[in-house]
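Notes follow the structure.
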Amino acid sequence: MFASLSDRLTSTFKTLRGKGRLSPADVDATVRQIRLALLDADVSLPVVRQFTAAIRERALGEEVSKALNPGQQVVKIVHEELVRVLGGESRRLHLAKNPPTVIMLAGLQGAGKTTLAGKLGHWLKEQGHSPVLVAADLQRPNAVTQLQVTGERAGVQVFAPEPGNGVGDPVSVARRGVEHARARGHDVVVVDTAGRLGIDEDLMRQAADIRDAVQPDEVLFVLDAMIGQSAVETAKQFDEGVSLTGVVMTKLDGDARGGAALSVVTVTGSPILFASTGEKLTDFEVFHPDRMAGRILD
Ligand code: GDP
């Protein structure tokens with residue numbers, strides 16, 4: 001069992017109890033604990049280094065030396081820095097001035113894109129929008145049917161390739177899906193795209209072609225929180241391939257500590273917009289950096 005960051009800090013601070021101030025050696029010991037805890041939470045090493053350097057600087061500063069309880073002050077700083085790195089305030093969806101707004105979902109197979117498309121559609125409808133889901137994942141058997149089932153459950157229309165036409169061209173389906181939305185007065189289009197088990201050039205080229213065809217307002221990287229450290233490399237490649245504008249974390253109902261969130265935001269510079277916390281349509285929320293910081297800390 002790994003001790004949580006809070007546990008680690010508490011035990012570090014026990015040895016400091018009674019001390020009015022933290023010496024540089026105390027700060028170093030504390031920063032070491034923070035570093036270990038972040039690594040346990042799957043934050044990547046370069047990100048941990050960057051983050052702990054910022055903490056160290058603040059922990060050696062006046063706000064801590066003047067604090068009545070320096071230990072608590074350091075915990076507060078760690079929390080604040082986590083929130084800052086995770087984007088501060090929740091970022092809202094960018095909506096197009098001339099609808100429809102196009103949201104493209106990208107990510108590895110199994111990340112939860114198709115599931116998310118349904119949830120997003122459901123949520124958008126609740127927000128008063130008239131969304132349509134476009135089934136442009138023609139790679140994974142059943143992805144189209146799965147989206148149709150999810151869409152039906154969510155009460156959201158799904159644009160899918162006509163059956164019987166072979167595999168079809170995902171770029172054309174995506175383009176026609178957006179045209180369909182415009183013609184029918186839907187104001188938001190969610191385009192589900194294919195993923196592979198790992199990154200490959202074909203996948204990335206296809207995703208880039210879809211992006212060029214539909215000119216999305218948002219390109220959301222769907223990230224399985226459980227994949228841990230490898231998230232960084234995957235996110236980087238998707239960012240290079242299709243220029244991500246945001247991230248959605250999925251499977252946060254699992255026991256992942258969510259450190260991948262911190263790494264991915266740092267590496268791509270893209271904020272997290274939404275979190276998926278289960279398989280039901282309603283297991284979906286607007287992402288709050290503050291809550292994620294709490295999750296990583298506790
Ligand atoms: P895709 O290949 O990216 O379209 O992934 P899917 O949407 O098909 O999801 C892959 C699997 O993960 C499915 O079994 C989903 O039910 C499951 N899944 C998706 N999102 C979540 C989530 O937030 N929590 C959990 N526990 N399972 C999820």
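When reading the values below, keep in mind they use all heavy atoms of this one structure, side chains included, and skip hydrogens, waters and symmetry mates. This is a predicted model, so every value here is computed, not measured.
Residues forming a salt bridge (Lys or Arg N to Asp or Glu O under 4.0 Å) with Arg211 (at least two apart in sequence, or on another chain): none. For Val83, the side chain to side chain contact (heavy atoms under 4.5 Å, CB included) partners at least two apart in sequence or on another chain are His79, Pro289, Asp290, Ala293. Residues passing the salt bridge (Lys or Arg N to Asp or Glu O under 4.0 Å) test with Asp217: none are found, sequence neighbours excluded. Residues that satisfy the ring-ring contact (aromatic ring centres under 6.0 Å, His included) test with Phe238, not counting sequence neighbours, are Phe221. Residues that satisfy the side-chain hydrogen bond (donor to acceptor under 3.5 Å, both in side chains) test with Thr277, not counting sequence neighbours, are absent from this structure. Every salt bridge (Lys or Arg N to Asp or Glu O under 4.0 Å) that Glu218 has, sequence neighbours left out, goes to Arg91. Partners of Arg205 by salt bridge (Lys or Arg N to Asp or Glu O under 4.0 Å), not counting sequence neighbours, listed by chain and number: Glu201, Asp202. The ring-ring contact (aromatic ring centres under 6.0 Å, His included) search around Phe287 returns none, not counting sequence neighbours.
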Throw together a table of side-chain donor-acceptor distances under 3.5 angstrom for residues 95-111, partners on residues two or more places apart or in other chains.
unit_1	atom_1	unit_2	atom_2	d
Thr101	OG1	Ala96	N	2.7

Please list every donor-acceptor pair under 3.5 Å in which a side-chain atom of residues 115-122 meets a protein atom from a residue at least two apart or in another chain.
unit_1	atom_1	unit_2	atom_2	d
Lys119	NZ	Ser276	OG	2.6
Lys119	NZ	Gly278	O	2.4
Lys119	NZ	Asp283	O	3.0

Using the rule given for side chain to side chain donor-acceptor pair (under 3.5 Å), can you reason through Gln157 versus Arg184, listing the C-alpha separation, both sets of side-chain angles and the distance that settles it, and then say yes or no?
CA-CA 11 Å; Gln157 214 190 81; Arg184 302 289 171 93; 5.0 Å; no
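Ion pair Glu80/Arg84 not flagged as a salt bridge, since none of the NZ, NE, NH1 or NH2 atoms sits closer than 4.0 Å to an Asp/Glu carboxylate oxygen.
Every pair passing ring pair (Phe, Tyr, Trp, His ring centres under 6.0 Å) that includes a residue from residues 135-159 is listed here, sequence neighbours excluded: Phe159-His180. Residues in residues 230-252 take part in these salt bridge (Lys or Arg N to Asp or Glu O under 4.0 Å) pairs, two or more places apart or across chains: Asp224-Lys251, Glu233-Lys236.
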